[in-house]
Participant: 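Below is one structure. I have some questions about it.
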Amino acid sequence: MVSMHQAGGGITLATAKPFIAGGLMLAIGLLAIDDRGLGRWLTAARPQTAPGCEKIVQSNSQLSREQLAQLLVVPERDPKENVRKIVAEPYCSLPQLQVRSGVVSEREAYPMAWDPSVQLVILYENDEYAGYRFRFQ
């Protein structure tokens, strides 16, 4: 048996084992009860991909309130470059779709800086700004 003695009394490994085992059991029990907290901790540790994203473009891209306000006054059919001057690189690109017959549309998602669970999805047709919508996750 291995023991650790301290001056004036001692703690042996044999007396410490029950405390270590009890602490481990308590930690396992708390993790079992609070599995959502553990899940949030684990998902925060790894990069998240938004549902529906085809490709992550800029993982730290977020849209500020000022950028949103500027974007809301951009007229439809403005060139894509004018929108990009306001919002820069998107967080991710979404799969292309056909909104109107014969026109393929591109979509880009921008999480809001104040609430990343809300995204602004911008729609482009033929390199022109065609509109936006909000996506709530």
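Residues: numbered from 1 along the sequence shown.
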Participant: Determine whether R133 and R107 satisfy the following criterion, side chain to side chain contact (heavy atoms under 4.5 Å, CB included), listing intermediate values before the conclusion.
Facilitator: CA-CA 10 Å; R133 72 176 176 88; R107 300 176 299 156; 4.0 Å; yes
Participant: Of the non-hydrogen atoms in V121 and R135, which two are nearest, and what is the gap between them?
Facilitator: CG2-CB, 4.0 Å
Participant: Same cluster for V118 and V87 if Ile/Leu/Val/Met/Phe/Trp/Tyr side chains link at under 4.5 Å?
Facilitator: yes
Participant: For a side chain to side chain contact (heavy atoms under 4.5 Å, CB included) check, start with the C-alpha distance between Y91 and I56, then their side-chain angles and the critical distance, and finish with the verdict.
Facilitator: CA-CA 6 Å; Y91 167 72; I56 302 293; 3.5 Å; yes
Participant: Check whether V73 and L68 end up in the same hydrophobic cluster, where Ile, Leu, Val, Met, Phe, Trp and Tyr are linked by side-chain heavy atoms less than 4.5 Å apart.
Facilitator: no
Participant: Could you pull out the closest heavy-atom pair between S64 and A113, with the gap in Å?
Facilitator: CA-CB, 4.3 Å
Participant: So, for Y129 and V74, which heavy atoms are closest and what is the spacing to 0.1 Å?
Facilitator: CE2-O, 3.5 Å
Participant: Atom CZ of R77 and atom CG of N126: how far apart are they, to the nearest 0.5 Å?
Facilitator: 7.5 Å
Participant: For the side-chain contact (heavy atoms from CB on, under 4.5 Å) test, which of E89, R84, Q119 pairs with E108?
Facilitator: R84
Participant: Atom CD of E128 and atom CD of E125: how far apart are they, to the nearest 0.5 Å?
Facilitator: 8.5 Å
Participant: Determine, step by step, whether L120 and L71 satisfy the side chain to side chain contact (heavy atoms under 4.5 Å, CB included) criterion, reporting the C-alpha distance in whole Å, the side-chain angles of both residues, the deciding distance to 0.1 Å, and the verdict.
Facilitator: CA-CA 10 Å; L120 180 76; L71 182 66; 3.2 Å; yes
Participant: Which distance, rounded to the nearest 0.5 Å, do you find between the OG of S105 and the CD of Q98?
Facilitator: 8.0 Å
Participant: CD1 of I86 to OH of Y110: how many Å apart, nearest 0.5 Å?
Facilitator: 10.0 Å
Participant: What is the minimum heavy-atom distance between P111 and P116, and which atoms define it?
Facilitator: CB-O, 3.9 Å
Participant: Report the C-alpha separation of Y132 and L72 in whole Å, then their side-chain angles, then the decisive distance to 0.1 Å, and conclude whether the side chain to side chain contact (heavy atoms under 4.5 Å, CB included) test is met.
Facilitator: CA-CA 9 Å; Y132 68 92; L72 295 179; 3.3 Å; yes
Participant: Could you check if a side-chain atom of S93 sits within less than 4.5 angstrom of a side-chain atom of E106, using non-hydrogen atoms only?
Facilitator: no
Participant: Identify whether L123 and L63 are in the same connected component of the hydrophobic contact network (ILVMFWY, side-chain heavy atoms under 4.5 Å).
Facilitator: no
Participant: Under a single-linkage definition using a 4.5 Å side-chain heavy-atom cutoff for Ile, Leu, Val, Met, Phe, Trp and Tyr, are F134 and V83 assigned to the same hydrophobic cluster?
Facilitator: yes
